[in-house]
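The structure appears below as structure tokens.
Since this is a predicted model, take the numbers as computed values, not measurements.
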Amino acid sequence: MKFSASWYTQNKLFKHAATFLTFASLSFAAIAAPLDKSKIQFIGPLAEDMQLKPFQTPHGTAIINNLLPRLQASSESLSIFGKKQSWQPFDKINALTLGGLQALKFNIETTRFTQGTLTLKGIQQGQLFINGEPQKGDKNSYKLALSNTTHTVIIVAQQVANWHDVALDFAPKTDIDKITLSTSQSKRLSAKQLFDAPIINQLSLAPNAKQYVTTTRTYNDVTQNQANTVTVLKDTDDHTLYRFEAGQPSNIIWSPDNQFLVYLLNGELKQLNRKNLSIKTLAADLEGASGFTFYNDSSLLFSWSKSPESTDSLTKHYKGLQDRWSYARTTSQIYIFDTKSGLTKALSQGPITHNLEDLNSNRGKILMSRSVVAMQASTHPETELVELDLKSSKLLSLGKFKTFDLAKYANKDIYVVAGPDFKNATGRALPKTMLANNYDGQLYLLTNNGENVKALSKQFDPAIGQLEVLESGDALVKVTERDTQPLYLFDLSKQRFKKLNTGLDIVEKFSYSHDRNTEVLLSGTNASAPQQLKRLNISKNKTQLVWDSQPSAYANTRIPTLEEFNFKNKNGVEITGRVYIPSNLDKTKKYPALVYYYGGTSPVTRGFTGRYPFNLWAENGYVVYVVQPTGATGFGQKFSAQHVNAWGDYTADDIITGTQAFLKKYDFVDNKKVGNLGASYGGFMTMLLATKTDIFSASIAHAGISNLTSYWGEGWWGYLYSGEASKNSFPWNNSELYSQHSPVFHADKVTTPLLLLHGDSDTNVPVGESLTMYTALKLLNKDVELIEYKGADHQIFARDKRFNWWDTMLAYFDKKLKDEPQWWDSMYSND
């Protein structure tokens with residue numbers, strides 16, 4: 001049996017195990033050495049009057065599993081049925097026999113992927129757990145495959161004839177398989193921590209700020225890919241008032257009068273009375289309903305979608321480009337629901353989807369957006385913004401726009417978030433010779449029923465994202481500012497932005513109150529600190545910590561050091577970046593490095609974790625350089641505009657120049673052991689760089705684009721994305737762009753070993769993009785590998801696939817950059 005704490009085999013998913021034992025030079029494979037008992041902790045006897053041991057009952061597994069978390073906890077003692085027991089060094093134990101249960105605990109840490117056999121001697125009935133997972137062995141002998149991290153080992157002993165005979169031996173598989181044993185509480189960051197740690201993924205603050213709701217998500221080894229979610233209603237003193245047990249609600253909203261909490265649960269619309277906590281079902285049979293929001297105290301607006309009836313037709317006749325999307329013929333309309341009577345009225349109709357943008361109950365109007373025509377064939381489809389008067393049912397068109405993101409009422413006027421080209425390019429702050437990148441969100445104010453428009457963020461470099469409007473007309477704006485996502489307050493009367501002091505690099509979610517002293521409940525992370533929940537008083541611009549995931553999920557965990565690293569490119573423009581340095585780095589030695597860069601046109605944010613775990617890579621012995629090359633949003637319009645019709649021109653230069661500058665400054669990095677990787681557009685960049693430079697020693701491209709023409713025509717959104725990335729350029733009028741910027745057309749120039757990763761169900765960048773590059777490189781006899789993830793789309797979400805994906809990347813780099821092929825071979829040599 002093989003075991004790894006952060007990676008999973010395809011047949012059965014295992015996790016990390018690693019042991020901190022120091023050995024002298026060992027000859028090949030065979031020599032078993034006893035573990036140092038002074039480095040092992042012992043506790044017991046636990047419940048020494050126990051008449052039947054757990055293994056003698058039909059519930060033994062459950063009994064041990066329930067005890068296990070307490071044994072794993074970072075505490076010096078344990079209370080069992082009122083009796084306190086303390087952990088003590090195993091070598092101090094002199095007892096021959098003991099009643100009840102006993103347990104051994106120690107940490108294992110390795111400096112590389114390590115294999116060997118752990119044997120438990122003298123324990124007649126016991127269980128071995130590594131990082132909380134039970135291990136299966138043959139006669140107390142366990143074959144381990146230990147990844148490069150810290151692992152907690154627990155041995156629960158239920159039957160021991162003589163404790164003097166108990167010993168633990170480790171036999172390495174080869175002379176390179178060395179481990180070190182430790183009882184230290186300190187440990188390195190693990191993949192399991194990053195994925196399984198509690199994350200607040202839903203929050204909502206009451207209009208009067210006196211209560212709030214959070215939904216927290218966690219994962220564990222028992223439920224595997226199934227998330228464990230808990231939703232609670234709390235007061236300002238953090239007292240839990242109500243806990244949702246039977247199911248988890250969604251679309252949680254508060255009535256304007258602060259009396260009720262309304263939410264969706266199992267297809268029903270529920271109402272929770274905040275005073276007596278009674279629950280009432282308001283409506284049922286709501287399949288396809290979403291986006292509920294209060295129009296007034298007793299009415300709700302919402303979207304209701306309807307999909308066409310399925311048929312047994314042998315063919316599909318495409319009506320337009322969007323018909324490639326599986327949901328293209330599903331339409332949504334806006335409805336209003338009366339909570340008193342249960343009656344629902346339709347407010348929009350037709351073959352085109354209507355989206356609810358905002359409402360103004362004082363004026364009796366709502367804002368909606370819709371496509372101008374169904375199935376329109378355009379790289380920049382037009383969106384029409386319309387206003388509906390609920391009393392007269394009159395519909396007023398406020399304009400048709402080629403670029404549009406969202407709209408919100410600002411008293412009698414309307415905020416709009418759109419690209420620089422919105423409404424005759426009102427928001428452009430560029431030389432006439434440059435084409436704007438309309439993914440760079442700008443803020444506008446529409447007045448006089450849409451006749452007039454004012455650009456509010458023309459000289460504001462951050463890209464506008466989420467927008468919420470306060471009763472004063474001022475707006476809370478979440479932006480992308482370089483590699484951060486802070487919160488700003490836009491003062492409508494003074495028409496200026498003020499940055500709010502959240503103390504977070506990345507604001508993930510936020511909700512605000514509706515009273516005079518507006519408060520904001522927000523969650524987020526820093527580059528080197530996990531998720532926190534805070535309350536922000538806007539008038540004082542001060543925050544109060546409500547909850548922190550660090551003590552529960554990351555206690556005693558070593559986090560890499562973070563340094564800022566910027567340089568100027570050949571055009572004199574500052575290119576920012578950051579460097580993650582392993583916590584145990586010795587600057588007198590040489591280390592391998594990884595270079596990562598953006599996908600699409602968004603910068604690589606400073607989130608603590610995510611799909612690409614920089615902190616984890618650093619704790620696996622890599623110096624990690626994250627660079628923000630030309631073309632990213634959040635640095636100003638001119639910077640982002642250089643993404644258009646470039647397809648790597650400026651980006652590749654910045655990555656190469658930045659890597660050279662990085663290597664010059666960080667002299668403890670081995671310049672012959674530098675890897676690079678990226679995803680989506682970043683995967684395209686990885687392939688392109690492989691045709692332009694040999695500065696990298698190994699490369700990984702996830703869901704990358706190898707042929708611009710096939711991606712443009714086959715990706716679900718290929719032609720839409722290319723409407724910005726290849727603006728006004730098509731295969732028939734700019735064939736050179738589509739061919740000469742496609743990596744596969746230069747595959748013969750590739751000299752760097754390349755790993756291609758792709759979900760076989762990717763609709764954004766079809767898997768054919770990796771297959772095309774793989775075919776070319778194989779025919780050219782290049783060093784290339786291709787791994788497909790079955791059933792995965794553009795991103796890898798499922799827990800088992802995520803762990804395997806993370807480990808595949810690290811195992812590949814270990815093989816190519818550390819000359820350590822064992823991990824990769826253990827995963828893929830027997831396919």
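Aromatic rings from Phe113 and Trp824 are positioned such that their centres are separated by 6.0 Å or more. Taking the ring centroids of His643 and Tyr681, they lie under the 6.0 Å cut-off. Aromatic ring centres of Tyr596 and Tyr625: separated by at least 6.0 Å. Taking the centre of each ring, Tyr591 and Tyr622 stay at or above the 6.0 Å mark.
The local environment of NZ in Lys121 is sparse, with at most 12 non-hydrogen atoms from other residues, nucleotides or ligands closer than 6.0 Å. Annotation for Tyr650: atom OH does not count as buried by contact number, only 12 or fewer foreign heavy atoms lying within 6.0 Å. Atom CG of Asp586 is surrounded by more than 12 heavy atoms from other residues, nucleotides or ligands within 6.0 Å. Crowding of Gln226 atom CD: a count of heavy atoms from other residues, nucleotides or ligands under 6.0 Å not exceeding 12.
Note that Lys39 lies outside the cation-pi zone of Phe90, set by a 6.0 Å cut-off to the ring centre and a 45° limit from the axis.
Using a cutoff of 4.0 Å between basic side-chain nitrogens and carboxylate oxygens, Asp177 and Arg112 are not scored as salt-bridged.
Residues His794 and Ser680 have side chains that bring a donor and an acceptor to within less than 3.5 angstrom of each other. Side chains of Asp654 and Thr657: no donor on one and acceptor on the other come within 3.5 Å. In this model, a donor atom of one side chain and an acceptor atom of the other lie less than 3.5 Å apart for Glu619 and Ser583.
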Under the side-chain hydrogen bond (donor to acceptor under 3.5 Å, both in side chains) criterion, do Ser770 and His758 qualify, and how do the steps go? CA-CA 7 Å; Ser770 284; His758 224 117; 2.7 Å; yes

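Ring geometry for Tyr666 against Phe668 counts as perpendicular: the plane angle is over 60°, on a 0 to 90° scale with 30° as the lower cut.
Here the straight-line distance linking atom OG of Ser699 with atom CG of Leu688 works out to 11.5 Å at 0.5 Å rounding. In this structure, Lys192 NZ and Asp196 CG are separated by 6.5 Å, a value rounded to the nearest 0.5 Å. Considering NZ of Lys139 and CG of Leu120, their distance stands at 15.0 Å, rounded to 0.5 Å. Distance check: Thr150 OG1 to Arg558 CZ gives 5.0 Å after rounding to the nearest 0.5 Å. Rounding to the nearest 0.5 angstrom, the gap separating the CG atom in Leu777 from the CG atom in Leu779 is 9.0 Å. To the nearest 0.5 Å, atom CH2 of residue Trp617 and atom CG of residue Leu189 are 13.0 Å apart.
Across all non-hydrogen atoms, the minimal contact from Pro560 to Ser528 is O-OG, 4.2 Å. Between Pro743 and His741, the shortest heavy-atom distance links the atoms CD-O, 3.5 Å. Closest approach of Ile695 to Ile656, counting heavy atoms only: CD1-O, 4.1 Å.
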